[in-house]
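Throughout, a chain's letter reflects where its sequence line sits, starting with A, and its residues are numbered from 1.
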Protein chains: 2
Amino acid sequence: MSADPSSRRGIPDATVARLPEYLRALTGFAERGITSVSSEELAAAAGVRSAKLRKDLSHLGSYGVRGVGYEVDHLAYQISRELGLTQDWPVAIVGMGNLGHALAAYSGFATRGFRVVALLDQDCDLIGQEIAGLPVRPMSALADLVAARGLAIGVIATPAASAQDVCDALVDAGVRSILNFAPCVLAVPDGVDVRKVDLSTELQILAFHEQRKALARGSVLVDGSLRRVASE
Amino acid sequence: MSADPSSRRGIPDATVARLPEYLRALTGFAERGITSVSSEELAAAAGVRSAKLRKDLSHLGSYGVRGVGYEVDHLAYQISRELGLTQDWPVAIVGMGNLGHALAAYSGFATRGFRVVALLDQDCDLIGQEIAGLPVRPMSALADLVAARGLAIGVIATPAASAQDVCDALVDAGVRSILNFAPCVLAVPDGVDVRKVDLSTELQILAFHEQRKALARGSVLVDGSLRRVASE
DNA sequence: ACGCGTTTGTGAAGGAATGCACAAAGTCAC
DNA sequence: GTGACTTTGTGCATTCCTTCACAAACGCGT
């Protein structure tokens, strides 16, 4: 009733990507007993400019009070609702290598309505083992998980070589949102969302900027390696 | 001589972020013995449009041949050089929890010129233990690592509560590029780059789109939970 | 009741990234 | 050598995102 539902169709992707950060910042304020924040304070905590924050929030409605700021709990709830975190999301992790192990134990998932309901692997030796309190199950369990547990999100933590097969199996079972940690591009039909997290990509981007800073500082490239030039 | 060095100052961030993906696609072609690709083929393998790929590549020079395409090895080398991957980058991982463990063992780092030279933790019980062939060392080893090993990139895999302290220690030691896995915003002085990877943020973005798809499909929100509406 | 100081929400401007469409530049067959 | 064919590199239009700047809206003290 307060917000106009028809006006908030189409929140920009860039905004959606920042909402989780705002939410985390708000949680931090709430934990310290702060009940009200200005856009300036919240923006600083989230690492953005206040104008950007205000424009982002304006896409979900008008939840601030002019001259005062935002009520922490209320804004946190509104963002949670917009992101779909007021319901819980059953998640399955596929691929129980080092990374899958770490993800299964990662506490950050549970804190936001995400519930890891199954760990899957195609390696027969692993199946049946218990990791972080859950048994490792075979890929054939997928269809049942979607039907019985409402599984909606799949996390792929396998090597790149098997990622596409796993992805196909997830899609066949009815999973339409996939988080891919394997370093490869996945082909999916329309209506399926894939987000990719690539650890080595991030390092490469850092290396680019690091090289750039080194060059600016007066080093020079010799045979593709940085050599410091005698400066003074 | 071939490329004009003055013209390639300022490669757009969006382009830099895609270069690693192009490089991976090229590596894939090379492994299959393919020596030449068109922008169309490479774009398909990298999951982008060919026009975007060509514009991206045009920022680093003119390495294609009209009517033919790109020579796989040569283009891969040029991208590697631009990203700074022709030299090797000593990396230290701080925080040997589940995630740090997985990162230490992650093979994707080594394949691109990144060399994990040290694992650090502040937990006395962990120090001295060997993980993935490297001993866990105390934070006090940092200064020496920068001086003696040329450490340039730090990876933070600690809980959020200690991330800022670890970050400060890295910056004090002279590290100017940081990859942060802790779910928090880091404050750093000018000249230091931080990239953040947040597993839970990615899931939240997926949840947003998943909720949106469910609503479009005809479900309805009741008390913040999705309920399927009798459709026909 | 009223004016003052504060902070939001938002039009408008500016900048960045994307997609289109085609001329320029190359190969290849003959 | 020449012409047909292919594919790159890029100017232009468009869309998306960010930043600026300010009017509108609120609380508070008097």
Dump the intermediate steps for side chain to side chain contact (heavy atoms under 4.5 Å, CB included) on A:Val166 and A:Leu120, then the final yes or no. CA-CA 10 Å; A:Val166 167; A:Leu120 305 177; over 6 Å; no

If the sugar-phosphate is the primed atoms plus P, OP1 and OP2 and the base is the rest, what is the B/S/- string for nucleotides 10-20 of chain C, using protein heavy atoms under 4.0 Å? BBB----SBBB

Applying side chain to side chain donor-acceptor pair (under 3.5 Å) to B:Arg54 and B:Ser39, what does each step give before you reach the verdict? CA-CA 7 Å; B:Arg54 289 199 301 276; B:Ser39 64; 3.0 Å; yes

A:Gln164 CD: over 12 foreign heavy atoms closer than 6.0 Å: yes

Would A:Glu71 and A:Asp73 count as a side chain to side chain contact (heavy atoms under 4.5 Å, CB included) here? Give the steps. CA-CA 6 Å; A:Glu71 207 233 318; A:Asp73 287 345; 3.9 Å; yes

Terminal contacting nucleotides, 5' and 3', DNA chain D versus chain A (heavy atom, 4.0 Å):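 The footprint of chain A covers D:dC17 to D:dG27.
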
C:dT7 phosphate, OP1 or OP2: any side-chain N/O from A:Tyr63 under 4.0 angstrom?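 Negative; the distance criterion is not met.
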
DNA chain D nearest-nucleotide lookup for A:Gly67 and B:Leu57: closer to the 5′ end is B:Leu57

Dump the intermediate steps for side chain to side chain donor-acceptor pair (under 3.5 Å) on B:Glu31 and B:Thr27, then the final yes or no. CA-CA 6 Å; B:Glu31 278 168 3; B:Thr27 306; over 6 Å; no

For B:Glu41 and B:Ile34: C-alpha separation, side-chain torsions, deciding distance, then whether side chain to side chain contact (heavy atoms under 4.5 Å, CB included) applies. CA-CA 11 Å; B:Glu41 295 165 325; B:Ile34 296 167; over 6 Å; no

With side chain to side chain contact (heavy atoms under 4.5 Å, CB included) as the criterion, how do B:Arg24 and A:Thr201 come out once you've worked through the C-alpha distance, each side chain's angles and the decisive distance to 0.1 Å? CA-CA 10 Å; B:Arg24 189 195 321 286; A:Thr201 293; 3.5 Å; yes

Look only at the side chain of A:Gln211 and the backbone of B:Glu82, and say whether a donor-acceptor pair between them is shorter than 3.5 Å.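 Looks like yes, one N/O pair under 3.5 Å.
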
